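Order of the sequence lines sets the chain letters (A, B, ...), proteins ahead of strands, with each chain counted from 1. Just so you know, these numbers use all the heavy atoms, side chains as well, and skip hydrogens, waters and symmetry mates. It should be emphasised that the depicted structure is a prediction, and the values quoted were computed from it without experimental measurement.
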Amino acid sequence: MPRMKRSAKTVYDWLERRLQLEGPVKDAVLHPVPRNTASWWYVFGSAAFTLLMLQIVTGILLALVYEPSAAQAWNSLQVLNHQIPLGWYIRALHGWGSNFMVAIVFIHMTQVFLFGAYKYPRELTWIVGVFLLLMTLGMAFTGQVLRFDQDAYWGLGIGVFMVSRVPWLGGGLVHLLLGGPTIAGATLSRFFTLHVFVIPGLLLLFALVHVWMVLKLGINEWPMPGRVVRRATYVAEYNKLAHEDGIPFVPGAFWKDLVFSGAVIACVAVCAAVFGPYGPGGMPNPSIIQTTPKPDFAFLWIFSILAYLPPALETPVILIAPIVAIAALVTLPFIAGEGEKSWHRRPVAVLTVTTIAVAWGVFTHLGTFTPWSPHMDAWSADTLPAKYLHDATPLVREGAVVFQAKQCRNCHEVGGEGGMRGPALDDVATRMTPDQMRYKVVTGGGNMPAFGKNLSPPEIEALVAFLETLHPSNVPPAVDAAQQAIEKNGAPPPSGGSD
Amino acid sequence: MVERNDSPNLPSTGPEIGKASELASDREGPRVVSRRWLLMKAGIALNGLVGIGLAIPIVRYLFAPVRPDNTYKSWVSLGPENDFPMGQTRMVTFKNPWVRAWDGPTDDIPCYVRRTGTSDFRVFAINCAHLGCPVRWFPQSQLFMCPCHGGVYYADGSRASGPPERGLFTYDYKVVRGQLQIDAGQMPTLSNTAKLVNIAAPNQDGDCPCRG
Ligand code: FES
């Protein structure tokens, strides 16, 4: 035993004399950090880095089989899913790893923001972090493209249409993005290059710079209300804190990082095993249009916002909002580089985070069930509740047929089934008089197309007769005030002039 | 460092090697040193020149796909004009004229043909004018509906409702020896609509002269 130990030591010495890593590693490992940074709140950065490693490993494994050509990519994914033992699991790990990475990077950023860690002297760490976030999102998007299915195809289309709105340069940018005039072989090749070489290379480089700065500048101390950052005194104060009330980074703080990273990877592994890989969905054949394109989770909120933007605002928002958002993030440490770090004294910061979180949650939630999209097969697939046709006259029944056949159902719910683009019509008769219905059907308005040209007068009469019956039995249908007056008085109201 | 360095050829710690104070240049005259700096600048300049020389082909290679729109387009046949019944709208698929061998199924581009008269056609792009999703035609209600954000268009391609700012994109067409042909080859977007008719707002500038 001692012999082996000695020869191991000889090998180690031989290596160390050449590599000379012991000094810097020891410095990094044992550098003192303020005691209260050994907190569970400080584990997200290392978890993001661990996930990056997982993505690199699983990505390389997938690249062993994946075929980056538009003609074969989809087939190679099928092979991975169905023919190669556990190919599906590696795909699932990569897909779920990506979800977790996006989530953890966002959580990390929120934590860093709320703890004021972007303030002096860590401005650059924050800025590099902003780019890391953008690259993570870039990886998520290009990754969705590599899963070359219908969603990837039309998702690319959405990207292209956004880029095409750039004044003057739009057309050129589209060609550059696609590698040609349409989404085709060249497009997948360049997204493969981006996803596998360009962005990961930069991402890794930036991540290392980020970690380097964390080591050099020290972990942000726990923010205390009243402990204000000042450029002149901060470094001395921090060093005092780290040395007087500090512990060595390893193991004092590091064990929590280890535990959390391990737990996160375990979660990815479990999700991957339970929920399996993402897609691929239908073949990326643009002539198969029976599809409802939808982006991956990380981009659902953008999808929702695009559905709600008024047409006139669309181009400005698409082109300007991202620039403003990135500029705001990058300039943040210069605008608020000093001052209070504690969230107890930064109401605006807390309010901003809450607002963004709520808005993001709402938009993502809406994006999951897309109430603005017509249900393309509601008219032929959804049933009409029997009670709506019970004791119905032939005219009303005919109206119900018109209602289905003319695709009204694609946008209007009845009995809880159908599209949600327009209002549900279960009690439409209580809201609109027959005349109003007729007018609305013929002329449209708001979000409703005009049906005047596509419905014959008898069809409109039948439809309105059917809609008139749609009211709860205890609520009377709406009536015209003038009509009501006539019925009450039994005679037309006296009119002053001739007609 | 923890261990003692017993090999004379290797330095015991990194930073010691080439420490400024020990450099031989300190003992040399300023003229020798300034000559070295000059040579170094020459080296930088040489690399800069080579870099620029290489940058030109690299940039040209990178920007190769950026071309004028019309070089990507050519006339494609959609089949005999008699395949399209009067007053109806049909979906047809054509092979994109600009292809690579490894394009796979992405070359099958669909479009809608609407015949309005003996020799009058309207050929609509499949892409919603909002953000390019594939619109679906419903003959019963005579509407195109978009699955993405709920854009709806009338049978003539004009905007009915939803987020699109304009009507559907159309292709230029001609009938040659009984074949309906369209000028296609590139994804229709808001950036290349110069040759595409703006149906929703015919009076806007940038509108196609071939309208009507
Ligand atoms: S892409 Fe058609 S409505 Fe947005």
Side-chain angles (χ1 to χ4, degrees), chain A residues 13 16-18 20 22-23 69-72 153-154 157-158 160-162 164-166 170-172 174-176 178-186 283-287 289 291-293 306-307 309 311-312 314 372-374 376 379 405-407 410 421 444 446-451 453-454, chain B residues 1-3 5 7 10 12-14 62-63 65-67 69 72-73 91 93 96 98-110 126-127 130-136 138 140-143 145-150 152-155 160-165 185-187 189-192:
Chain A
D13 286 348
E16 169 55 19
R17 228 170 291 131
R18 281 151 186 85
Q20 305 189 16
E22 202 176 81
S69 98
Q72 296 302 335
Y153 184 93
W154 298 111
I158 293 183
V160 165
F161 268 71
M162 288 175 142
S164 78
R165 294 176 181 236
V166 177
V174 167
H175 292 161
L176 206 56
L178 296 181
T182 55
I183 300 169
M283 278 245 259
N285 183 334
S287 68
I289 60 162
T291 172
T292 317
L306 292 174
L309 276 178
E314 203 131 290
W372 52 80
S373 287
M376 294 297 193
W379 66 288
K406 294 291 178 180
Q407 279 97 22
N410 286 18
R421 177 84 192 167
N447 260 329
M448 181 159 157
F451 281 80
K453 275 196 230 146
N454 306 323
Chain B
M1 288 285 102
V2 186
E3 47 141 351
N5 179 21
S7 154
L10 293 165
S12 58
T13 48
L62 268 180
F63 282 83
V66 181
R67 296 214 236 145
D69 291 339
Y72 279 127
K73 300 212 293 188
M91 193 181 105
T93 304
N96 202 51
W98 208 87
V99 291
R100 297 247 190 260
W102 54 93
D103 281 348
T106 56
D107 282 341
D108 296 327
I109 310 285
I126 194 80
N127 303 91
H130 178 223
L131 289 168
C133 286
V135 293
R136 250 185 265 181
F138 288 93
Q140 300 84 358
S141 51
Q142 298 276 303
L143 294 172
M145 295 190 193
C146 174
C148 279
H149 314 102
V152 181
Y153 305 85
Y154 291 116
S161 78
E165 294 170 75
Q186 96 164 349
M187 193 168 189
T189 61
L190 290 173
S191 70
N192 58 27

Step-by-step side-chain contact (heavy atoms from CB on, under 4.5 Å) determination, A:Asn285 to B:Thr106: CA-CA 5 Å; A:Asn285 183 334; B:Thr106 56; over 6 Å; no
Report the C-alpha distance between B:Gln142 and A:Phe451 in whole Å, list the side-chain angles of each, state the deciding distance to 0.1 Å, and finish with yes or no for side-chain contact (heavy atoms from CB on, under 4.5 Å). CA-CA 9 Å; B:Gln142 298 276 303; A:Phe451 281 80; over 6 Å; no
One pair to check against side-chain contact (heavy atoms from CB on, under 4.5 Å): B:Cys133 and A:Ile158. What are the steps and the verdict? CA-CA 7 Å; B:Cys133 286; A:Ile158 293 183; 4.0 Å; yes
Take B:Gln186 and A:Val174, measure what side-chain contact (heavy atoms from CB on, under 4.5 Å) needs, and give me the verdict at the end. CA-CA 10 Å; B:Gln186 96 164 349; A:Val174 167; over 6 Å; no
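Interface check for chain B: of the options A:Pro374, A:Ala186, A:Gly157, the most heavy-atom pairs under 4.5 Å are formed by A:Pro374. Residue with the most contacts toward chain B among A:Gly180, A:Ala405, A:Pro286: A:Pro286 (heavy-atom pairs, distance under 4.5 Å). Ranked by non-hydrogen atom pairs under 4.5 Å with chain A, the options B:Val152, B:Ile109, B:Asn127 are led by B:Asn127. Ranked by heavy-atom pairs shorter than 4.5 Å toward chain B, the options A:Pro284, A:Gly446, A:Gly170 are led by A:Pro284. Top candidate by heavy-atom pairs under 4.5 Å with chain A, chosen from B:Ala155, B:Pro65, B:Gly104, is B:Pro65. Annotation: maximal heavy-atom pairing with chain A below 4.5 Å, among B:Pro164, B:Gly185, B:Gly132, B:Ala160, occurs at B:Gly132.
In summary, the aromatic rings of B:Tyr72 and A:His175 are positioned with their centroids under 6.0 Å apart.
Interatomic distance, CG of B:Leu143 versus CG of A:Asn410, reported as 9.5 Å (0.5 Å rounding). Distance CE/B:Met187 to OG/A:Ser164: 9.0 Å, rounded to 0.5 Å. B:Cys146 SG to A:Trp372 CH2: the interatomic distance, rounded to the nearest 0.5 Å, is 12.0 Å.
The minimum heavy-atom distance between A:Pro293 and B:Pro147, with the atom names listed, is CD-CG, 3.9 Å. Residues B:Trp98 and A:Pro181 share a closest heavy-atom pair of CE3-CD, 3.3 Å. B:Gly162 and A:Asn447 get closest at one heavy-atom pair: N-OD1, 3.4 Å. Taking all atoms of both residues into account, the shortest heavy-atom contact from B:Pro105 to A:Ala70 is CD-O, 4.0 Å. Minimum heavy-atom separation, B:Pro163 to A:Ala307: CG-O, 4.1 Å. When every heavy atom of A:Thr291 is checked against every heavy atom of B:Pro134, the shortest pair comes out as CG2-CG, 4.0 Å.
The backbone N or O of B:Ser141 sits less than 3.5 Å from a side-chain atom of A:Asn454, completing a donor-acceptor pair. Counting only distance, with no hydrogens or angles, the side chain of B:Asp103 and the backbone of A:Ala184 share no donor-acceptor pair below 3.5 Å. A distance-only check finds no donor-acceptor pair linking the side chain of B:Gln140 to the backbone of A:Lys406 [under 3.5 Å].
Side-chain contact between A:Arg165 and B:Thr189: absent, with no pair of heavy atoms (C-beta onward) separated by less than 4.5 Å.
Looking at B:Val135, only its backbone comes within 4.5 Å of chain A, counting heavy atoms on both sides. With a 4.5 angstrom heavy-atom cutoff, B:Tyr154 touches chain A only via side-chain atoms. Heavy-atom distances place both the backbone and the side chain of B:Asp108 under 4.5 Å from chain A.
By the side chain to side chain donor-acceptor pair (under 3.5 Å) test, B:His130 pairs with A:Glu314, B:His149, sequence neighbours left out.
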